[in-house]
Amino acid sequence: MTKFKRTTVTSALPYANGPVHIGHLAGVYVPADIYVRYLRLRGEDVIFIGGSDEHGVPITIKAKKEGLTPQDIVDRYHNIIKKSFEEFGISFDIYSRTSSKTHHDTASDFFRKLDAKGEFIKQKSEQYFDQVANQFLADRYITGKCPHCGNENAYGDQCEACGTSLNSTDLINPKSTLSGSTPIMRETEHWYLPLDKHETWLREWILDNHKEWKTNVYGQCKSWLDMGLQPRAVSRDLDWGIPVPADNAEGKVLYVWFDAPIGYISNTKELLPDSWEKWWKDPESRLVHFIGKDNIVFHCIVFPAMLKAEGSYILPDNVPANEFLNLEGDKISTSRNWAVWLHEYLLDFPDKQDVLRYVLTANAPETKDNDFTWNDFQTRNNSELVAIYGNFVNRTLVLTQKYFDSKVPECGELSDYDKEVLERISSIKNQVSKQLDEFHFRDALREAMNLARTGNKYLADTEPWKLAKTDMTRVGTILNVSLQLAANLSIAFEPFLPFSSRKLRGMLGI
RNA sequence: CGCGGAGUGGAGCAGUGGUAGCUCGCAAGGCUCAUAACCUUGAGGUCAGUGGUUCGAACCCGCUCUCCGCAACCA
């Protein structure tokens, strides 16, 4: 860690065809924000990059359905998402978007450079084409009869009735879900990034040099590398996106998975037009990607291969991917509208950002999928946040007001117990740091909570309300120690509960 | 037999060979500044199932079951 001078933190770009929900927050944005706030607190040089991912087929389909342009759709969701992140306290240094001019230029330049270096290959293939909608169709957008079970509504990639994986060419009577017409086969040509050529160094880089990555991340990468990498298309036939900057590229745009991660770079450029390069090209800079488990392969294999092919960029030092969060036992689903939407939460629970931040961190899906329930939300708020943290602060402040007119009392001679408690402050802070350095957010939060527990026990053991009748000097010392605990509580919790910490610092006058 | 992650007291999680821990909940007691509380103690688990390795297995190996993700044209 000390060998790095600065840290570039990115969080997955949310796809701008819907608002952000608690699953996104728990998996990506809350841990990323905690990590960034922690580094800032330590005085480290860090930037936190976010933005909306605004290209791709689903956005064009949604636009068509609503009779709007794709730009209308992404404008709507970009604004909702950006505003809700701000209100929720996700402290991006920049939250931009992939439809920006900076990004179009950056992504185009990136493609041109790889093209000029001969890092792509071109391949022709046959694909289903919808003559009515006038576009090529991904397997997902074709339905038909499943050749295995006869289900009439199987998708081109999978039959949901029998669970079989399919190719769209397997379907009997294929139909386009866009127009309902029968698609025809048509030849098309695309640019491919030959990942197979990068396999050797990727193996060594991940499997030998990054054994410290989380088991889910490392295991997924190993699985892909062991299967053998194949060339991957980086362009699509579509009219919404970044036009492929090459000859004979009419009607072709960059595939969103080529375009989106470059968004991290573009957004850094937009934030720091003159100094962005050191954050991406200096070997003393550390790059960390926060993502969900569905994005592992793109951030650990595809994007690094792109960066390496370009030649002048650093590679990610860590990719702490989380698993998924369920809601009341069911998968969160945008299309089924089964989610707790951030912008709605902020309306329903005004000034309760920290409660959700706390619950999502305490129950973060770090090693496996977890479940969010409103019952758990309420319990954790009442029995942990309010009862332990809030109560200790309240007790300390009330006692100080009652006996010392809200002035900080002098610290007299310290007992062994006092000293032990004060030592615990620094040992707990060290533990919190250690856990955060290793991306163990749940453990870090639990450890921080121990500071409040220590405080409650300290008050129960020393009983200042009894001593007040006989020894005010001693009471003063006890409350002085308690106030020190409270002050340190505001620091230890700053990355996790920034709103509460600010409020607490206000009450303590620090 | 495609690959990866996960299955531990009522709930959520830790624990990679040596008497099964933490938070919440529950019960009893204490305290009374705080009472949607705090402090102490306690009850509660055949560690998914099964077979094996070992003096000894939650942990190592085999098989089975369940949940989630990936499977290269979903993003």
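Letters go in sequence order (proteins before strands), and every chain restarts at 1.
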Where do N or O atoms of nucleotides 38-45 of chain B meet protein N or O atoms at under 3.5 Å, pair by pair?
residue: C38(B); atom: O4'; partner: Asn391(A); partner atom: ND2; Å: 3.4
residue: C38(B); atom: O2'; partner: Arg395(A); partner atom: NH1; Å: 2.9

Return the polar atom pairs (N/O with N/O) between nucleotides 27-29 of chain B and the protein under 3.5 Å, or none.
none

Could you pull out the protein-nucleic contacts involving nucleotides 66-70 of chain B (nitrogen or oxygen on both sides, under 3.5 Å)?
residue: C68(B); atom: O4'; partner: Asp369(A); partner atom: OD2; Å: 3.4
residue: C68(B); atom: O2'; partner: Lys293(A); partner atom: NZ; Å: 2.7
residue: C68(B); atom: O2'; partner: Asp369(A); partner atom: OD2; Å: 2.4
residue: G69(B); atom: OP1; partner: Lys331(A); partner atom: NZ; Å: 2.9
residue: G69(B); atom: OP2; partner: Lys331(A); partner atom: NZ; Å: 3.4
residue: G69(B); atom: O4'; partner: Lys293(A); partner atom: NZ; Å: 3.3
residue: C70(B); atom: O2'; partner: Trp224(A); partner atom: NE1; Å: 3.3

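Considering only residues two or more places apart in sequence or on other chains, Arg453(A) meets the side-chain hydrogen bond (donor to acceptor under 3.5 Å, both in side chains) condition with Asn450(A). Under the side-chain hydrogen bond (donor to acceptor under 3.5 Å, both in side chains) criterion, Asp72(A) pairs with Thr69(A), not counting sequence neighbours. In this structure, Tyr29(A) has no side-chain hydrogen bond (donor to acceptor under 3.5 Å, both in side chains) partners at least two apart in sequence or on a different chain. Tyr128(A) is linked by a ring-ring contact (aromatic ring centres under 6.0 Å, His included) to nothing, counting only residues two or more places apart in sequence or in another chain.
A71(B) sits 38 Å from G9(B) when the C1' atoms are compared, rounded to a whole Å. For the P atoms, the distance from G51(B) to G45(B) is 22 Å, rounded to whole Å. A distance of about 23 Å separates the P atoms of U23(B) and G30(B), rounded to the whole Å. Comparing the C1' positions of A14(B) and C74(B) gives a spacing of 36 Å, expressed to the nearest Å. For the P atoms, the distance from C39(B) to C22(B) is 15 Å, rounded to whole Å. Distance check on atom P: U64(B) versus U54(B) gives 24 Å, rounded to whole Å. Rounded to whole Å, the separation between the C1' atoms of C47(B) and A28(B) comes to 29 Å. Of the P atoms belonging to A43(B) and G10(B), the separation is 16 Å, rounded to the nearest Å.
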**Asked** What would the secondary structure line of RNA chain B be in dot-bracket form, counting Watson-Crick and G-U wobble pairs under 3.5 Å, with [ ] for pairs that cross earlier ones and | for pairs with another strand?
**Response** .(((((((.[[[[.)..(..]]]].(((((.......))))).....[[[[[..)....]]]]])))))).....
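When rounded to the nearest whole Å, the span between CG of Leu13(A) and C1' of A75(B) equals 11 Å. If you take CG of Leu385(A) and P of C24(B), they are 12 Å apart, rounded to a whole angstrom. As a whole-Å value, the separation of Tyr389(A) OH from A37(B) C1' is 17 Å. One atom, CE of Met306(A), and another, P of A72(B), lie 20 Å apart when rounded to the nearest Å. Between the CD atom of Gln378(A) and the C1' atom of A11(B) there is a distance of 15 Å, given to the nearest Å. Per the geometry, CG belonging to Asp226(A) stands 10 Å off P belonging to C3(B), to the nearest Å.
In this structure, the nucleotide among A75(B), C31(B), G5(B) sitting nearest to the side chain of Val57(A) is A75(B).
Counting non-hydrogen atoms under 4.0 angstrom, Tyr255(A) reaches a base of the nucleic acid. Phe298(A) comes within 4.0 angstrom of a nucleotide base, judged by non-hydrogen atoms across all strands. No engagement by Val302(A) is indicated, since no non-hydrogen atom pair under 4.0 Å with the nucleic acid exists. No engagement by Asp443(A) is indicated, since no non-hydrogen atom pair under 4.0 Å with the nucleic acid exists. Residue contacts shown for Asn216(A) are limited to sugar-phosphate atoms, with no base heavy atom under 4.0 Å away. Base engagement by Ser125(A) is indicated by at least one non-hydrogen atom pair under 4.0 Å involving a base atom. Residue Val386(A) is classed as having no contact, given no heavy-atom separation below 4.0 Å to the nucleic acid.
Checking Glu54(A) against Ser99(A) by side-chain atom types alone, a donor-acceptor pair falls below 3.5 Å. Between the side chains of Tyr95(A) and Ser52(A), at least one donor-acceptor pair of N or O atoms lies under 3.5 Å. Looking at Arg395(A) and Asn456(A), their side chains do bring a donor and an acceptor atom within 3.5 Å of each other. In the model, His190(A) has a side-chain atom that pairs as donor or acceptor with a side-chain atom of Asp237(A) under 3.5 Å.
Ring geometry for Tyr417(A) versus Tyr458(A): interplanar angle of 30 to 60°, hence tilted. In this pair, Phe493(A) and Tyr389(A) present their aromatic rings perpendicular. The plane angle is above 60°, beyond the 30 to 60° band.
Comment: Asp443(A) engages Arg446(A) in a salt bridge, judged by a side-chain N to carboxylate O separation of less than 4.0 angstrom. In summary, Asp75(A) and Arg97(A) engage in a salt bridge, as defined by a charged side-chain N under 4.0 Å from a carboxylate O. Contact check on Asp369(A) versus Lys331(A) returns no salt bridge, with no Lys/Arg side-chain nitrogen under 4.0 Å from an Asp/Glu carboxylate oxygen. Between Arg474(A) and Glu463(A) there is no salt bridge, since no side-chain nitrogen of the basic residue lies less than 4.0 Å from a carboxylate oxygen of the acidic one.
RNA chain B lies under 4.0 Å from at least one heavy atom of each of the following residues of residues 228-240 of chain A: Gly228(A), Leu229(A), Gln230(A), Arg232(A), Arg236(A).
Taking 4.0 angstrom as the limit, Arg380(A) places none of its side-chain polar atoms (N or O) nearer than this to OP1 or OP2 of G12(B). Within the structure, every side-chain polar atom (N or O) of Thr367(A) is placed at least 4.0 Å from both OP1 and OP2 of G7(B).
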**Evaluation steps, salt bridge (Lys or Arg N to Asp or Glu O under 4.0 Å), between Glu66(A) and Arg76(A)** = CA-CA 12 Å; Glu66(A) 298 190 21; Arg76(A) 179 204 298 165; 2.6 Å; yes
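Evaluation of the salt bridge (Lys or Arg N to Asp or Glu O under 4.0 Å) test over residues 216-236 of chain A, restricted to residues two or more places apart or in two chains, returns Arg203(A)-Asp226(A), Lys222(A)-Asp226(A).
For Phe120(A) and Phe111(A), the gap between ring centers is short of 6.0 Å.
The base of C73(B) lies close enough to the side chain of Gln127(A) for a donor and an acceptor atom to sit less than 3.5 Å apart.
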Review item, side-chain donor-acceptor pairs of residues 399-406 of chain A, under 3.5 Å, at least two apart:
residue: Thr400(A); atom: OG1; partner: Thr396(A); partner atom: O; Å: 2.7

Enumerate, atom names and distances included, each donor-acceptor pair closer than 3.5 Å involving a side-chain atom of residues 294-301 of chain A, sequence neighbours excluded.
residue: His299(A); atom: ND1; partner: Asn295(A); partner atom: O; Å: 3.2
residue: His299(A); atom: NE2; partner: Tyr264(A); partner atom: OH; Å: 2.7

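Comparing Pro365(A) and Val217(A) against RNA chain B, the residue whose closest nucleotide sits nearer the 5' end is Val217(A). Both Asn382(A) and Pro58(A) lie near RNA chain B, and the one whose nearest nucleotide falls closer to the 5' end is Asn382(A).
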